[in-house]
Amino acid sequence: FGQYPMVAGQVPKIVQLCEEVIKIDPSEVFAERFKGQCLYMVGDYQGAIRSLNRTIELDETPESYYYRAMAKRKASDQTYLDDFRRMMEL
């Protein structure tokens, strides 16, 4: 999000839009991942982890593991290192 500073103030609205998309299509991986990134950005680390867990179920990507690892680290979940390892394997 560093390259998109104008997005920062819109996070609650973006999360709401992502949830609307996910309600219509629960397999929409981009919306789920973006929701997780936004939740991380506002400090809802547990929410971010839940969203990114779903993202990883839908499509394992290094990006999803990276953001989940960062959220886990902020939430003091020591399994974040496992996510970094998996990210490097992909």
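All values below come from the heavy atoms of this structure, side chains included, with hydrogens, waters and symmetry mates left out. These numbers come from a predicted model, not from an experiment.
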Find out whether L17 and V21 are in side-chain contact, i.e. whether some heavy atom of one side chain is under 4.5 Å from a heavy atom of the other.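 A side-chain contact under 4.5 Å is absent here.
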Would you mind reporting whether R33 and T61 have side-chain heavy atoms less than 4.5 Å apart?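 In contact.
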Could you tell me which non-hydrogen atom of [X] sits nearest to which non-hydrogen atom of [Y], and how far apart they are?
{"X": "S64", "Y": "D59", "result": "OG-O, 4.3 Å"}
{"X": "I14", "Y": "C38", "result": "CG2-SG, 3.6 Å"}
{"X": "I22", "Y": "K35", "result": "CD1-CD, 4.1 Å"}

Should [X] and [Y] be regarded as members of a common hydrophobic cluster, given that ILVMFWY residues are connected when their side-chain heavy atoms come within less than 4.5 Å of each other, either directly or indirectly?
{"X": "F34", "Y": "I49", "answer": "no"}
{"X": "V29", "Y": "I24", "answer": "no"}
{"X": "M87", "Y": "L81", "answer": "yes"}

Please say whether more than 12 non-hydrogen atoms of neighbouring residues, nucleotides or ligands are located less than 6.0 Å from CZ in F84.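 Atom CZ in F84 is crowded, with more than 12 foreign heavy atoms closer than 6.0 Å.
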Could you state the interatomic distance from [atom1] ([X]) to [atom2] ([Y]), rounded to the nearest 0.5 Å?
{"X": "S51", "Y": "L39", "atom1": "OG", "atom2": "CG", "answer": "6.0 Å"}
{"X": "R73", "Y": "Y80", "atom1": "CZ", "atom2": "OH", "answer": "5.5 Å"}
{"X": "T55", "Y": "E28", "atom1": "OG1", "atom2": "CD", "answer": "10.0 Å"}
{"X": "L52", "Y": "E32", "atom1": "CG", "atom2": "CD", "answer": "8.0 Å"}

Side-chain donor-acceptor pair present, T79, D77, cut-off under 3.5 Å: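 Yes, because at least one side-chain N or O of T79 sits under 3.5 Å from a partner of the opposite role on D77.
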Are D83 and R86 close enough for a salt bridge, meaning some N to O gap below 4.0 Å?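 Answer for the salt bridge query: no.
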Salt-bridge test for K23 and E20: reply yes if a basic N is under 4.0 Å from a carboxylate O, no otherwise.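 E20 and K23: not salt-bridged.
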State yes or no: are the ring centers of Y40 and Y45 separated by less than 6.0 Å?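 They qualify: ring centres under 6.0 Å apart.
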